[in-house]
Amino acid sequence: MKSQKPSRNLALELVRVTEAAALSAGRFMGRGEKELADKAAVDAMRLVLNSIDMEALVVIGEGEKDEAPMLFNGEVVGSGKPPLVDLAVDPIDGTRPLANGFLNSIATVSIAPRGTMYNPGPFVYMDKIAVGPLAKGQIDIEAPLKDNLERIAKSESKSIKDVTVIILQRPRHDELIKEVRQIGARIRLIPDGDVAAALMTCLPETGIDALLGIGGTPEGVLAACALRAMGGEIQGKLFIRNEEEKKLGLEMGYDLDKVITMDDLVSSSDVFFAATGITDGELLSGVRYTGQAAETQSLVIRGRTGTVRWITAKHNFKKLNPISEIEY
């Protein structure tokens with residue numbers, strides 16, 4: 001078989017995007033200013049995205065066009081040169097933790113070939129189940145919870161009492177939490193940040209076996225990009241908030257009862273994902289400022305090869321600020 005030259009690894013360019021967002025937003029940790037933090041992250045993210053040779057259509061962004069200057073759905077960023085890609089961004093996954101100085105706030109971005117990312121349309125939330133490589137192919141979001149937990153336990157050669165699931169701490173999950181406890185599994189409750197939580201299922205050192213519950217649909221697409229590359233799996237079903245959302249979805253042709261698979265969320269394995277910690281968390285360390293410099297930690301994933309990189313970077317503000325359009 002004839003060998004091929006390695007193709008361009010866009011993940012190593014995307015990490016500059018998440019680093020910039022984290023450096024800008026990190027200044028607002030604990031200051032209670034969610035909107036200012038989000039704007040800082042978006043401005044930094046857009047600046048670096050537009051420096052990358054690609055034509056990227058924002059499929060998962062910060063709302064519709066009238067919400068500009070955020071990275072809005074339908075916006076095109078990049079230099080305009082090939083390749084043509086879909087883009088999913090969450091400049092701050094965990095704005096509330098960042099504003100309050102809590103754990104697990106990250107900046108994330110992912111790209112895939114044009115036309116391969118799921119567009120959630122009007123649907124903000126979806127019910128999800130995500131697992132790591134060992135339990136891939138064993139889950140069914142429509143099956144009873146006990147069946148899924150038993151399959152996860154069996155795939156990982158452990159008992160249910162040793163399975164740990166991670167769930168967003170929300171009133172809507174009270175019954176889910178009660179059921180998990182009755183079945184006998186362990187629970188890690190988190191206030192925000194289910195992109196990081198989904199990724200943790202693929203990292204044995206985190207001790208997380210599954211993500212369960214209702215979270216953001218855009219976050220589900222971002223998580224799917226990373227999980228596909230890391231060998232995990234995510235399934236979902238749209239969570240309908242009200243009759244207006246239901247009516248709009250039906251008019252747009254969505255199947256409201258469909259099980260949304262990982263292939264639906266991102267249909268190509270040629271995905272690139274990057275995330276940088278803003279505040280400290282179990283997945284990534286937060287930004288460390290040292291006067292004239294800062295240190296960041298990032299997770300960088302390439303789907304085609306399955307390569308997962310952890311990148312620690314030191315940023316020199318004396319050199320960076322004079323040549324940057326924004327001040328870090």
Side-chain angles (χ1 to χ4, degrees), residues 90 93-98 100-106 108 124-217 219-220 222-224 226-227 230-239 259-260 262 275 277 279-286 299:
D90 196 345
D93 179 34
T95 52
R96 182 166 50 182
L98 173 59
N100 292 311
F102 295 155
L103 301 177
N104 294 321
S105 178
I106 63 175
T108 64
V124 176
Y125 292 108
M126 64 187 291
D127 196 6
K128 308 173 191 175
I129 179 170
V131 293
L134 292 176
K136 182 180 180 181
Q138 303 302 311
I139 56 172
D140 178 358
I141 196 169
E142 294 190 310
L145 179 59
K146 186 177 180 182
D147 289 357
N148 277 311
L149 292 179
E150 286 177 344
R151 292 172 190 168
I152 292 167
K154 184 177 180 180
S155 69
E156 299 185 358
S157 302
K158 59 174 68 172
S159 66
I160 283 185
K161 68 180 181 181
D162 295 326
V163 170
T164 302
V165 300
I166 194 163
I167 302 172
L168 284 170
Q169 191 170 21
R170 299 286 189 275
R172 63 177 179 261
H173 290 149
D174 288 348
E175 288 301 313
L176 172 63
I177 292 167
K178 181 179 178 181
E179 188 177 359
V180 172
R181 287 172 174 165
Q182 289 174 340
I183 294 168
R186 291 158 27 107
I187 298 175
R188 180 87 59 81
L189 293 175
I190 54 171
D192 293 280
D194 64 346
V195 174
L199 269 61
M200 288 164 65
T201 65
C202 291
L203 301 168
E205 62 270 24
T206 67
I208 300 299
D209 301 297
L211 165 75
L212 297 175
I214 298 164
T217 309
E219 288 81 358
L222 274 159
L227 290 172
M230 298 171 79
E233 183 179 4
I234 184 171
Q235 292 182 11
K237 293 194 74 173
L238 295 173
F239 179 77
V259 172
I260 303 170
M262 189 156 60
T279 63
D280 284 337
E282 293 170 273
L283 181 68
L284 293 162
S285 297
L299 175 64

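- Taking the side chain as every heavy atom from C-beta outward, Asn104 and Thr279 never approach each other to under 4.5 Å.
- The two residues Ala196 and Asp93 come nearest to each other via the heavy atoms N-OD2, 3.9 Å.
- In this structure, Leu98 CG and Ile106 CD1 are separated by 12.0 Å, a value rounded to the nearest 0.5 Å.
- To the nearest 0.5 Å, the span separating CG on Leu199 from CG on Leu222 amounts to 9.5 Å.
- The nearest pair of heavy atoms linking Gly94 to Ser105 is O-OG, 3.1 Å.
- Counting heavy atoms from C-beta outward, Ile152 and Gln138 have side chains that stay 4.5 Å or more apart.
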Any chance you could lay out the side-chain contact (heavy atoms from CB on, under 4.5 Å) test for Ile166 and Leu212, step after step, and finish with the verdict?
CA-CA 6 Å; Ile166 194 163; Leu212 297 175; over 6 Å; no
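- For the pair Gln169/Ile190, no side-chain contact is recorded, criterion being any heavy-atom separation below 4.5 Å from C-beta on.
- The CD1 atom of Ile260 sits 4.5 Å away from atom CE of Met126, with the distance rounded to the nearest 0.5 Å.
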Chi angles and distances behind the side-chain contact (heavy atoms from CB on, under 4.5 Å) call for Ile139, Glu233:
CA-CA 9 Å; Ile139 56 172; Glu233 183 179 4; 3.7 Å; yes
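- When side chains are defined from C-beta on, Cys202 counts as touching Leu227, because their heavy atoms get closer than 4.5 Å.
- Of all the heavy atoms in Ala153 and Ser159, the pair that sits closest is CB-C, 3.9 Å.
- Relative to the ring axis of Phe239, Arg172 does not place its NZ or CZ within 45° and under 6.0 Å from the centre.
- Looking only at distances, no side-chain donor or acceptor of Thr108 sits under 3.5 Å from a matching main-chain atom of Ala275.
- For the pair Ile129/Leu211, no side-chain contact is recorded, criterion being any heavy-atom separation below 4.5 Å from C-beta on.
- Counting heavy atoms from C-beta on, the side chains of Ile177 and Ile167 come closer than 4.5 Å.
- Considering only heavy atoms from C-beta on, Ile160 comes within 4.5 Å of Ile183 through its side chain.
- Of all non-hydrogen atoms in Gly213 and Leu176, the two that sit nearest each other are CA-CD2, 3.8 Å.
- Nearest heavy-atom pair across Asn148 and Ala143 is ND2-O, 3.6 Å.
- Residue pairs meeting the salt bridge (charged side-chain N to carboxylate O under 4.0 Å, His left out) criterion with at least one member in residues 137-150, sequence neighbours excluded: Glu142-Lys237.
- For residues 175-194, the salt bridge (charged side-chain N to carboxylate O under 4.0 Å, His left out) pairs, not counting sequence neighbours, are Arg96-Asp192, Lys128-Asp194, Arg170-Asp192, Arg188-Glu282.
- Rounded to the nearest 0.5 Å, atoms CE (Met230) and NZ (Lys136) are 12.5 Å apart.
- Nearest heavy-atom pair across Tyr125 and Ile214 is CB-CG2, 3.9 Å.
- Under the salt bridge (charged side-chain N to carboxylate O under 4.0 Å, His left out) criterion, Lys158 pairs with Glu156, Asp209, sequence neighbours left out.
- With values rounded to the nearest 0.5 angstrom, Leu284 atom CG is found 12.5 Å from Leu103 atom CG.
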